[in-house]
Undergrad: 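Got a structure for you, written out below as structure tokens; questions coming shortly.
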Amino acid sequence: MQMSHRLAVFGIVLALCLPAWAAAQPWTALSAAQQEALSPLSAQWNNLPQTEQQHLLKMARKYPQLTPLQKQRLHKRLLYWSQLTPEQREGARQKYKAFRKVPPATREQVKRMVEQQEAEKARAASAVSAAPTGGNPP
Amino acid sequence: MSQQLDHQQIRQLLNHSAARLDEPVLSGLRAARARAMEQHAAQHAHTLAVSGHGGRLGHGSFQQHRLSYWIAGLLLVASIVSGIAYWQQTSTDTSDEDIAILTDDLPLQVYVD
């Protein structure tokens, strides 16, 4: 077999193995769009495992299709999400899927209830921060 | 009226005729058979060599065959490894669900223990 044929075979083998050999990418190697989508993770990106980076890059591909509100939510939650254990994330996915099967009317009720709770928490937090030191009696 | 002969009868007739042939005719037939066998063997060897390495005739065809088998095996292994990696990536792809959770109306804490 000639040398050119051997090189061609080596190239084909290498190309076939590429999907299994995707290396981790430094933050600076990401495109501007990817950096924008994953901006909350810029500080720890280089320390993330390669599989985690690949997963997040897949998520970043969908970023342009999101509404401004969804983009805001994603940025607000991404750091917390990345710090969860794989088991916690899987549990969240299962709960999300289960919640999707709940009838729409019930889902809306739950959403309203959660929104009320969140609003109460926010009011309580702002009341605590606004209270003068030494505080009024409850 | 022609008589129908079966294979057995034809063989007996030929054997009988061959036994009555003269020695020069018999030796000529033996030589012709030997030449035909040599020609057949040569054609068979040529066919193997052509299918083995793209028409190049020469020495070391065994090594060439062995190298071809190694390359074919290597390509097969690379394809399997690549296929497994692709399957793992696609079968465990949860990016759609994760995006949906992270952009959902409900806060993340609702889903996380």
Undergrad: B/Ser95 and A/Lys62: which non-hydrogen atoms are nearest, and at how many Å?
TA: OG-NZ, 3.0 Å
Undergrad: Where does A/Leu66 contact chain B at under 4.5 Å (heavy atoms): side chain, backbone, both or neither?
TA: side chain
Undergrad: Which residues, numbered in order, of residues 95-103 of chain A come under 4.5 angstrom of chain B by heavy-atom distance?
TA: A/Lys95, A/Tyr96, A/Lys97, A/Phe99
Undergrad: Name the region of A/Leu84, side chain, backbone, both or neither, that has any atom closer than 4.5 Å to a heavy atom of chain B.
TA: side chain
Undergrad: Give me each pair satisfying ring-ring contact (aromatic ring centres under 6.0 Å, His included) with a member in residues 11-35 of chain B, each pair once, sequence neighbours excluded.
TA: none
Undergrad: Table please: side-chain donor-acceptor pairs of residues 97-106 of chain B below 3.5 Å, with sequence neighbours left out.
TA:
residue: B/Asp98; atom: OD1; partner: A/Arg93; partner atom: NE; Å: 2.6
residue: B/Asp98; atom: OD1; partner: A/Arg93; partner atom: NH2; Å: 3.4
residue: B/Asp98; atom: OD2; partner: A/His55; partner atom: NE2; Å: 2.6
residue: B/Asp98; atom: OD2; partner: A/Arg93; partner atom: NH2; Å: 3.0
residue: B/Thr103; atom: OG1; partner: B/Ile99; partner atom: O; Å: 2.7
residue: B/Asp104; atom: OD2; partner: B/Leu106; partner atom: N; Å: 3.3
residue: B/Asp104; atom: OD2; partner: B/Tyr111; partner atom: OH; Å: 2.7
residue: B/Asp105; atom: OD1; partner: A/Arg73; partner atom: NH1; Å: 3.1
residue: B/Asp105; atom: OD1; partner: A/Arg73; partner atom: NH2; Å: 3.4
residue: B/Asp105; atom: OD2; partner: A/Lys111; partner atom: NZ; Å: 3.0

Undergrad: Check the surroundings of atom CD in A/Gln72: do more than 12 heavy atoms from other residues, nucleotides or ligands lie under 6.0 Å from it?
TA: no
Undergrad: If hydrophobic clusters are built by linking Ile, Leu, Val, Met, Phe, Trp and Tyr wherever their side-chain heavy atoms come under 4.5 Å apart, do B/Leu75 and B/Trp70 end up in the same one?
TA: no
Undergrad: Is it the backbone or the side chain of A/Glu115 that comes under 4.5 Å from a heavy atom of chain B, or both, or neither?
TA: neither
Undergrad: Kindly list each side-chain donor-acceptor pair under 3.5 angstrom involving residues 28-36 of chain A, sequence neighbours excluded, with atom names and distances?
TA:
residue: A/Ser31; atom: OG; partner: A/Gln34; partner atom: N; Å: 3.2
residue: A/Ser31; atom: OG; partner: A/Gln34; partner atom: OE1; Å: 3.4
residue: A/Gln34; atom: OE1; partner: A/Ser31; partner atom: N; Å: 3.0
residue: A/Gln35; atom: NE2; partner: A/Trp27; partner atom: O; Å: 2.9

